[in-house]
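Okay, structure first, notes after.
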Amino acid sequence: MRATRYFLPTLREVPAEAELASHRLLLRGGFIRKLAAGVYIYLPLGWRVIRKIEQIVREETDRIGGVELFMPALVPQELLDETGRSGLEILFRLKDRHQRPFTLGFTHEEVITDIVRHTVSSYRQMPLVLYQIQTKFRDEPRPRGGVIRAREFLMYDAYSFDTDYDALERTYQAIRVAYVRMFQRMGLPTIIVEAEAGAIGGGSNEEFMIVAEGGEDKVLQCDTCGYGANAEKCELPDPQLTPPPVEGIPPAEKVATPNARTVEEVTAFLNTTADRLVKTLLMRVDGKPVAALVRGDRELNLYKLQHALDGESVEMMDAESIRQITNAPVGFAGPVGLPPDIPILADYELRGLQDFITGANEADAHLIHVCWGRDFPEPRWADLRVAEAGDKCPRCPNGTLREVRGIEVGHIFQLGVKYSEAMGALYTDAEGNQKPIIMGCYGLGVSRCLAAVAEVHHDADGICFPITVAPFEVVLILVNPEDTSQREVAERLYAEMLQAGIEVLYDDRDERSGVKFKDADLIGIPIQVVVGRAVQEGAVEVRLRTDKTPHRVAAEQAVAHLQALIAELKRQYEPTV
RNA sequence: CGGGGCGUAGCGCAGUAUGGUUAGCGCGCCUGCUUUGGGUGCAGGAGGUCCCCGGUUCGAGUCCGGGCGCCCCGACCA
């Protein structure tokens, strides 16, 4: 491709809206352009990278027997009614001219299950893996980081159908390996961590994370065993604390704490530390009120509370309900004197704590010297708090958790029968029994991977693409277009490279060399071929984007040299599993 | 949804406190010359709904009211 005929709108100045390096570089390099918040145009260069990524995920899915199809983005709302997902806030909604409600697909479990329930009826038709690469629409509360979290984005989603859980496990493992191979081929170093299922639901699931400072997710990793988990999910072991004796602790006493609502305000006012405080979070699980207790310096993990009560949903109680239950404004709730029909759950850690401070269920007042079992009934103990760096590993005896930030690029789920039962996707087994199909689903953020690659592979000058996903393999830089001998050599080389099947961007623009070098570095094509003054000796210079050392190569041998170099670079990204 | 910030040429910004010539600067763009190994130099030029609507005023980019859009932080406050 000739740069003079291409569309390469690079920006010299940094767009004000971008914070993350990947976002900045993708905008500056002319890969993406914003149309609205979380809505992006993929410019030619970005689109070429997207297509490389798509090709990799296709090849790896096909390799394990997956079959590609293409589902509609327009999804009738009634289909989502069947699984109770039509009310999700994340959905973009619209109506047709007959006022029939539609949504824009945010994921496609219902659509694929609909196809399968009408077509798969026998155990003989499974295992089956269907997948697509398609635009997804999610009205995110806060899009950010360019295409890292967009409202319209490209996603690969695969769905598996099996007759039993052993078969699902085999399929799941095959796809898990395929994912490892995909990310290796893209040059994305991932870790696999346990995760929460969110709106997808179902059984066990894992996320593929890129460790990156700009990542949105908090990930905990054991320093000893291989355990890793999203902070949303990360379990903590019961520390089996022995309750301290209650004898000798003064009776609970009400103290005035005017306007002290937050943990910081209360500890400052009472001149104590947050670990002497017990927070009482009034929540609703499946609409029913519960009180959750965690230490003042800890965070309640909503998912853990939900799971502890086997609930479907969890939310904070609204201020008005809190006022009714505690007779106090938000900020002064406590476990002492709560209505007895409100169950109290407390984090394991609190079993080792007595003589603490809580809200008094009264405006501008807290209780000190509170003891569970004495001042209020012994709560139900559970793992409720969000894991932090320094906590004990839940899987091995000696491990300690450390915290990193991650970009979630893939998420694989064992769904089980959640969708097949809700939607009546049944098959007949060899004995003639009707059973629900056992499903799995597997997502991979294609456009997010573009950002992840840029986030992982860049330096001060621009992106450094792995050759496997680079928009071009080689950029051919003609230093001085008015120098006829340089021009001739460059034109000949360009023709030879095309002939040899090398993906080359030929920068034949009438620009100063500095502009071309800067642009080449910015857009990150892995191999740079410079046709400049070395032409006088019949040579060109070949250098890597990542290592600027020029290698003189005779012009006649350049193509052979490049082919070898490309093969060598590609070998670095061959999968190891 | 809460808090903060922003909206002026394609991009980055100044001007707004204290209303008043023809609304500026840098980059980019166009023309000519120049230069040709890391965003060249000189000269000339084009390009504006000052986010939108309404109001105050002799006069609004600037003041007032309403709306929209975009960015950041938080959304676990107890």
Side-chain angles (χ1 to χ4, degrees), chain A residues 9-20 23-24 27-28 30 33-39 89 141-146 216 231-232 257 259-267 274 277-283 291-305 314-319 321-323 325-326 328-335 338 357-367 384-386 461-462 477-483 486-487 507 509-522 528 530-536 540-541 543 548 550:
Chain A
T10 56
L11 303 174
R12 183 181 297 207
E13 301 201 53
V14 183
E17 67 199 48
E19 297 242 314
L20 280 183
H23 188 192
R24 258 196 330 262
L27 286 169
R28 279 195 59 207
R33 215 28 99 76
K34 187 178 71 182
L35 186 63
V39 181
E89 283 189 40
R142 180 137 88 92
R144 76 185 97 186
E216 294 187 285
E232 291 175 346
T257 51
N259 270 322
R261 295 152 193 271
T262 67
V263 168
E264 295 76 54
E265 287 162 359
V266 174
T267 52
L277 225 76
V278 169
K279 289 198 281 201
T280 304
L281 290 331
L282 291 170
M283 312 292 298
L293 308 188
V294 295
R295 216 169 71 183
D297 55 339
R298 307 296 195 188
E299 269 181 52
L300 174 67
N301 183 322
L302 272 65
Y303 292 105
K304 288 184 177 179
L305 178 65
V314 59
E315 59 189 342
M316 309 229 22
M317 198 179 282
D318 59 285
S321 303
I322 290 176
R323 184 178 290 273
I325 288 173
T326 65
V330 171
F332 300 97
L338 281 181
I357 300 162
T358 70
N361 293 326
E362 181 181 322
D364 299 329
H366 279 74
L367 297 176
L384 290 183
R385 70 182 177 89
V386 176
D461 295 319
I477 299 171
L478 169 58
V479 171
N480 184 354
E482 284 172 22
D483 180 316
Q486 285 185 24
R487 177 127 225 161
D507 196 344
R509 292 177 300 173
D510 184 17
E511 287 283 356
R512 294 186 48 90
S513 54
V515 174
K516 301 188 188 186
F517 291 135
K518 288 286 184 191
D519 273 346
D521 288 350
L522 182 60
Q528 303 180 343
V530 181
V531 181
R533 54 186 167 226
V535 160
Q536 287 157 20
V540 298
E541 286 160 25
R543 61 190 190 184
K548 291 301 178 49

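Heavy-atom basis, side chains included; hydrogens, waters and symmetry copies ignored. Throughout, a chain's letter reflects where its sequence line sits, starting with A, and its residues are numbered from 1.
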For Val263(A), report the nucleic acid contact type (base, sugar-phosphate, nothing); a contact means any heavy atom under 4.0 Å. sugar-phosphate

Do Pro335(A) and Thr358(A) have side-chain heavy atoms sitting under 4.5 Å apart? yes

Could you tell me which residues satisfy ring pair (Phe, Tyr, Trp, His ring centres under 6.0 Å) with His366(A), sequence neighbours excluded, listed by chain and number? Phe332(A)

What nucleic acid atoms does Ile477(A) come within less than 4.0 Å of, heavy atoms only: base, sugar-phosphate, or nothing? nothing

Give Asp483(A) one of three labels, base, sugar-phosphate or nothing, depending on what nucleic acid heavy atoms sit under 4.0 Å from its own. nothing

Residue Thr262(A), side-chain atoms from C-beta onward, closest of C77(B), A75(B), C71(B): C77(B)

Which one is paired to C70(B), where only Watson-Crick or G-U wobble pairs with both distances under 3.5 angstrom count? G5(B)

Give me the distance, rounded to whole Å, that separates A17(B) from G28(B) when you measure between the C1' atoms they each carry. 33 Å

Using the C1' atom on both, measure G59(B) against U22(B) and round to a whole Å. 16 Å

G44(B): pairing nucleotide in any strand, Watson-Crick or G-U under 3.5 angstrom: C30(B)

Taking N and O atoms by type only, does the side chain of Glu13(A) place a donor or acceptor under 3.5 Å from a partner on the base of G26(B)? yes

Contacts of Lys518(A) meeting side chain to side chain contact (heavy atoms under 4.5 Å, CB included) (sequence neighbours excluded), chain-then-number -> none

Arg28(A): partners by side chain to side chain contact (heavy atoms under 4.5 Å, CB included), with sequence neighbours left out: Leu11(A), Val14(A), Pro15(A), Leu522(A)

Identify, with sequence neighbours excluded, every residue that meets side chain to side chain contact (heavy atoms under 4.5 Å, CB included) alongside Asn361(A). Thr326(A), Ala333(A), Leu338(A)

Base, sugar-phosphate, or nothing for Ala36(A), non-hydrogen atoms under 4.0 angstrom? sugar-phosphate

Taking a pair to mean Watson-Crick or G-U wobble geometry with both distances below 3.5 Å, G24(B) pairs with C13(B)

Run the side chain to side chain contact (heavy atoms under 4.5 Å, CB included) test on Glu17(A) and His23(A) for me, step by step, so that the C-alpha distance in whole Å, both residues' side-chain angles and the decisive distance to 0.1 Å come before the verdict. CA-CA 9 Å; Glu17(A) 67 199 48; His23(A) 188 192; 4.1 Å; yes

How is Glu299(A) classified with respect to the nucleic acid when contacts are heavy atoms under 4.0 Å: base, sugar-phosphate, or nothing? base

With rounding to the closest Å, how many angstrom separate the P atoms on A9(B) and C52(B)? 11 Å

Sugar-phosphate, base or nothing in reach of Gly359(A), heavy atoms under 4.0 Å: nothing

What verdict does the side chain to side chain contact (heavy atoms under 4.5 Å, CB included) test give for Ile325(A) and Met317(A), after you've listed the backbone C-alpha separation in whole Å, the side-chain angles of each residue and the deciding distance to 0.1 Å? CA-CA 10 Å; Ile325(A) 288 173; Met317(A) 198 179 282; 3.7 Å; yes

Separation between the C1' atoms of G26(B) and C64(B), rounded to whole Å: 34 Å

Inter-nucleotide P distance (A46(B), A23(B)), Å rounded: 14 Å

When we call it a touch if two heavy atoms are under 4.0 Å apart, what does Val530(A) touch: a base, just sugar-phosphate, or nothing? base

Roughly how many Å apart are U35(B) and A43(B), using the C1' atom of each and rounding to a whole number? 15 Å

Regarding Glu541(A), tell me which of base, sugar-phosphate or nothing describes its non-hydrogen contacts under 4.0 Å with the strands shown. base

Using Watson-Crick or G-U wobble geometry with both distances under 3.5 Å, which nucleotide pairs with A60(B)? none

In whole angstrom, give me the gap between the C1' atoms of G67(B) and C77(B). 31 Å

For a quick check, with a 4.0 angstrom heavy-atom cut-off, what is the B/S/- contact string for nucleotides 38-47 of chain B, read 5' to 3'? BBB-------

Select base, sugar-phosphate, or nothing to describe what Ala360(A) touches, counting heavy atoms under 4.0 Å on all strands. nothing

Those residues that, when tested against Ser513(A), pass side chain to side chain contact (heavy atoms under 4.5 Å, CB included) (two or more places apart): Val479(A), Phe517(A)

Please measure how far the C1' atom in G15(B) lies from the corresponding atom in U21(B), and state the result in whole Å. 15 Å

